[in-house]
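Worth knowing before you read on, the calculation uses all heavy atoms, side chains too, and leaves out hydrogens, waters and symmetry mates. Just so it is clear, the model here is predicted, and its values are computed rather than measured. Residue numbers begin at 1 in each chain, while the letters A, B, ... track the order of the sequences.
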Number of protein chains: 2
Amino acid sequence: MTRLPGKTVERLSEYRRTLLECLIEKKSFIFSHDLAARLHITAVQVRRDLMLIGYSSVLRKGYDVRELIDTIGKIIDSEESMNVAVIGIGNLGRAVAGYFKGKRSKLSLVASFDNDPQKVNKVISGVKCYPYSEIERVVKELDIKIAILTVPPDFAREISEETVRFGIKGILNFTTIPLNVPSGVHLEEYDMITSIEKVAYFVKDNKI
Amino acid sequence: MTRLPGKTVERLSEYRRTLLECLIEKKSFIFSHDLAARLHITAVQVRRDLMLIGYSSVLRKGYDVRELIDTIGKIIDSEESMNVAVIGIGNLGRAVAGYFKGKRSKLSLVASFDNDPQKVNKVISGVKCYPYSEIERVVKELDIKIAILTVPPDFAREISEETVRFGIKGILNFTTIPLNVPSGVHLEEYDMITSIEKVAYFVKDNKI
DNA sequence: TGAGGGATGTTAATAATTTAACAATAAATC
DNA sequence: GATTTATTGTTAAATTATTAACATCCCTCA
Ligand SMILES: NC(=O)c1ccc[n+]([C@@H]2O[C@H](COP(=O)([O-])OP(=O)(O)OC[C@H]3O[C@@H](n4cnc5c(N)ncnc54)[C@H](O)[C@@H]3O)[C@@H](O)[C@H]2O)c1
Ligand SMILES: NC(=O)c1ccc[n+]([C@@H]2O[C@H](COP(=O)([O-])OP(=O)(O)OC[C@H]3O[C@@H](n4cnc5c(N)ncnc54)[C@H](O)[C@@H]3O)[C@@H](O)[C@H]2O)c1
């Protein structure tokens with residue numbers, strides 16, 4: 001499979017999330033325009049994305065929901081479950097851990113790290129919190145590949161560099177500090193202040 | 001000012017965040033390539049964005065950090081501070097409230113809403129939590145324009161429709177349910193599972 | 001005071017992404 | 001079973017976003 005555009009990968013994840021809801025609604029088939037409408041995009045976009053992953057429906061009664069879920073999984077999931085850790089189990093870290101735990105079968109949240117003595121060696125939001133000082137050992141032993149970074153901004157840079165040295169291959173950075181990662185490591189960053197400011201901009205003077 | 005592309009607005013927010021850090025570092029001037037490097041984008045992009053907002057530096061010793069912060073503020077901030085509320089003050093809502101409170105001078109987090117009797121009429125993460133049943137009155141009295149939605153998914157749709165009826169003009173939706181809003185209301189959605197799945201996809205097989 | 005260097009603002013070119021167009025075809029209807 | 005209708009897969013076009021190119025400007029320093 002040739003490399004997919006990042007935007008398509010994002011949408012595949014959203015398609016699957018929506019399709020999983022369809023299953024709950026006992027809906028076994030869905031038309032491209034229905035799927036599109038639920039995500040506020042166009043039907044063409046859906047069809048084009050599915051074309052890119054080489055999926056086509058056998059019937060013309062829409063896509064087989066369960067089959068499409070599986071197909072998307074084959075594309076975006078890894079064969080073996082990939083292990084994830086939250087670094088910094090503060091307010092945001094706890095929310096993320098509690099939310100994410102068990103949501104996806106091929107992504108396992110297996111550890112959190114913190115340097116607060118009150119927190120280490122306890123189970124917090126469903127995951128064991130390890131002392132940050134043991135991160136090298138634990139990352140290697142548990143084969144952790146992805147880190148979700150929710151430490152205070154001042155530590156973000158150093159911690160990201162360390163974890164990469166210890167074998168982390170992907171980082172989701174929620175701190176306000178932009179990070180540098182070597183090529184071969186994938187980085188996603190999200191700052192909610194940016195989102196809110198964007199909303200505010202378009203609300204102001206009704207720029208819609 | 002003609003309408004800016006959403007991407008540019010996002011970057012303006014990021015520029016300002018970075019520039020604010022520069023102030024802390026006692027840096028008063030910054031070159032486009034330095035600003036760009038801190039955000040992992042190109043200097044051309046920076047210059048082009050600033051061109052779009054009609055900013056030009058008087059000196060050629062880089063941009064005046066304080067001046068640029070002000071200019072960006074004139075573009076993306078509203079004159080009067082815009083009021084924001086968090087709806088659903090659970091794990092994520094509390095993290096967001098605590099984080100966001102006081103971060104930006106023109107965006108004031110003035111209330112939260114919940115329907116849990118344990119939570120209402122208390123100050124949580126620095127904001128007063130009102131009973132959800134009073135939302136119509138409070139939104140109008142406090143002139144709240146933006147809602148950050150962190151309620152359980154099942155309630156998201158109904159709550160968003162109600163709040164829009166009561167005068168909300170912008171929604172930042174963190175629930176997993178895509179929402180429909182009438183035109184004239186701005187909607188941003190973010191799902192962290194999508195981000196993690198994207199990271200996982202590019203980590204798998206090293207698709208970098 | 002004037003040549004050189006370095007950074008900017010802007011237009012033009014390129015690349016990425018989305019949308020449109022439409023032929024192909026299954027299902028529904030008569 | 002012919003005809004209509006609806007939906008898909010795919011190519012082509014349009015739009016949007018990014019990058020390159022370059023003339024211009026200011027500062028430096030000889
Ligand atoms: N709370 C939010 O909604 C939110 C939103 C966006 C971004 N952020 C960012 O996320 C980060 C965390 O926010 P928070 O509200 O959860 O803060 P927090 O203070 O509640 O949590 C930070 C956690 O990191 C731990 N920590 C500190 N230094 C550490 C170190 N060197 N090694 C390991 N652990 C360490 C602390 O013990 C604490 O548990 C911040 O960078 C913040 O800017 C938060
Ligand atoms: N925790 C995360 O990191 C995270 C990440 C992404 C998305 N989300 C989404 O954010 C939402 C909240 O997540 P959470 O982990 O904070 O859940 P939570 O259960 O901790 O919080 C939900 C809050 O909403 C309140 N609530 C419930 N029904 C309400 C109603 N009808 N009106 C007003 N308030 C109501 C509850 O009392 C509770 O305080 C969920 O939709 C979740 O999918 C959470």
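Salt-bridge annotation for A/E136 and A/K140: present, with a side-chain N of the basic residue lying under 4.0 Å from a carboxylate O of the acidic one. Salt-bridge formation is not detected for the pair A/K103/B/D191: no Lys NZ or Arg NE/NH1/NH2 atom is positioned less than 4.0 Å from an Asp or Glu carboxylate oxygen. A salt bridge between B/E21 and A/R157 is absent, with no side-chain N of the basic residue lying under 4.0 Å from a carboxylate O of the acidic one.
Whole-Å rounding puts the A/K7 NZ to D/dT18 C1' distance at 12 Å. What separates CG of B/D49 from C1' of C/dT10 is a distance of 14 Å, to the nearest Å. B/F29 places its CZ atom 12 Å from the P atom of C/dT8, with the value rounded to the nearest Å. Distance CG (A/D34) to P (D/dT8): 10 Å, rounded to an integer number of Å. C/dT17 atom P lies 14 Å from atom CD1 of A/I41, rounded to whole Å.
Neither OP1 nor OP2 of D/dG9 sits under 4.0 Å from any side-chain N or O of A/S32. Residue A/Y63 has a polar side-chain atom (N or O) positioned under 4.0 Å from OP1 or OP2 of D/dG9. A close approach under 4.0 Å does occur between a side-chain nitrogen or oxygen of A/R11 and OP1 or OP2 of C/dT18. Contact check, A/K61 against D/dA6: no side-chain N or O comes under 4.0 Å of OP1 or OP2.
The CG atom of A/L50 sits 10.5 Å away from the CZ atom of A/R11 when rounded to the nearest 0.5 Å.
If you check C/dT17, C/dA7, D/dT11 against the side chain of A/M51, the one that comes closest is D/dT11. In the set C/dG9, D/dT19, C/dT19, C/dG9 carries the atom at the smallest distance from any side-chain atom of B/S57. Here the side chain of A/R47 is nearest to one of D/dC22, D/dT10, C/dT19, namely D/dT10. Closest approach to the B/S56 side chain among C/dG9, D/dA17, D/dA21 is made by C/dG9 (side chain taken as heavy atoms from C-beta onward).
Judged purely by atom type and a 3.5 angstrom limit, B/K204 uses its side chain to pair as donor or acceptor with the backbone of A/I75.
One can find a donor-acceptor pair under 3.5 Å joining the base of C/dT19 and the side-chain atoms of A/R48.
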